[in-house]
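Here is the structure we will look at.
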Amino acid sequence: MELKVTTLEGKDAGSVELSDAIFGLEPRADIIQRCVQWQLNKRQAGTHKAQGRADVWRTGKKMYKQKGTGGARHGSARVPQFRGGGRAFGPVVRSHATDLPKKVRALALKHALSAKAKDGGLIVIDAAAVKEAKTKALIGHFSGLGLTNALIIDGAELNTGFATAARNIPNIDVLPIQGINVYDILRRHKLVLTKAAVDALEARFK
């Protein structure tokens, strides 16, 4: 598929031929959903913890005699029934990460890129670079391109001035090609790729 290339100023910069094997697939929601769930599971800290019965410091002496009190039978005061006792089946420190084959992750990325291309949410620019790191000037460029909620992917190295100017703009994310991922593609309305990013993607999936 062929897509027009534009500059940050909104001028025409030719066109680029995108591979149908990456940008022309019929998007499958199930594959994309599996990858998003894998990403969200992996980023959970898993540092939550509650004190269980074994963690509570309290006497283990039997509270009162077994018979003759008219009350229920109780032993240790550490049990969950009592205030100050341990929590039954409370959260423990653990990893929430799940497994997802590498080939499925790669396929999910292709389907996410194809979904953006199909919905008209894909824009290709010649370069993500500015002479001066001015946020106000970059907002003007973005408004000219109609970018209010976008993920911008550049090549292996980000332009320092561009990244500095963009980092304070709400709903705009700038990542190098190594950081491209399914979740960030889907959470933004527009996906902006530079020519260097397109070349890197086609080299990666060649």
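Quantities reported herein were computed from a predicted structural model and do not represent experimental measurements.
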Kindly indicate whether the side chain of [X], heavy atoms from C-beta on, has any atom under 4.5 Å from the side chain of [Y].
X: Ile152; Y: Leu175; answer: no
X: Phe82; Y: Met63; answer: yes
X: Asn181; Y: Gln39; answer: yes
X: Lys134; Y: Leu138; answer: no
X: Arg73; Y: Gln66; answer: yes
X: Val124; Y: Val192; answer: no
X: Val79; Y: Arg53; answer: yes

Would Thr6 and Asp12 count as a side chain to side chain contact (heavy atoms under 4.5 Å, CB included) if you check the C-alpha gap in whole Å, the side-chain angles of each, and the deciding distance to 0.1 Å? CA-CA 5 Å; Thr6 184; Asp12 186 32; over 6 Å; no
For the side chain of Trp38 and the backbone of Asp99, is there at least one donor-acceptor N/O pair under 3.5 Å apart? no
Paired with Leu191, the side chain to side chain contact (heavy atoms under 4.5 Å, CB included) test is passed by just one of Leu113, Leu186, Ile123, Asp119, namely Leu113
Polar contact flag, side-chain donor to acceptor under 3.5 angstrom, Asp126-Thr7: no
Glu202 versus Ser19, side-chain donor and acceptor atoms under 3.5 Å: no
Do Leu193 and Ile125 sit in one hydrophobic cluster, given that two such residues count as connected whenever their side-chain heavy atoms are within less than 4.5 Å of each other, even indirectly? no
In this structure, would Leu40 and Leu109 fall into the same cluster of hydrophobic residues linked by side-chain contacts under 4.5 Å? yes
Is Asp55 salt-bridged to Arg78, cutoff N-O under 4.0 Å? no
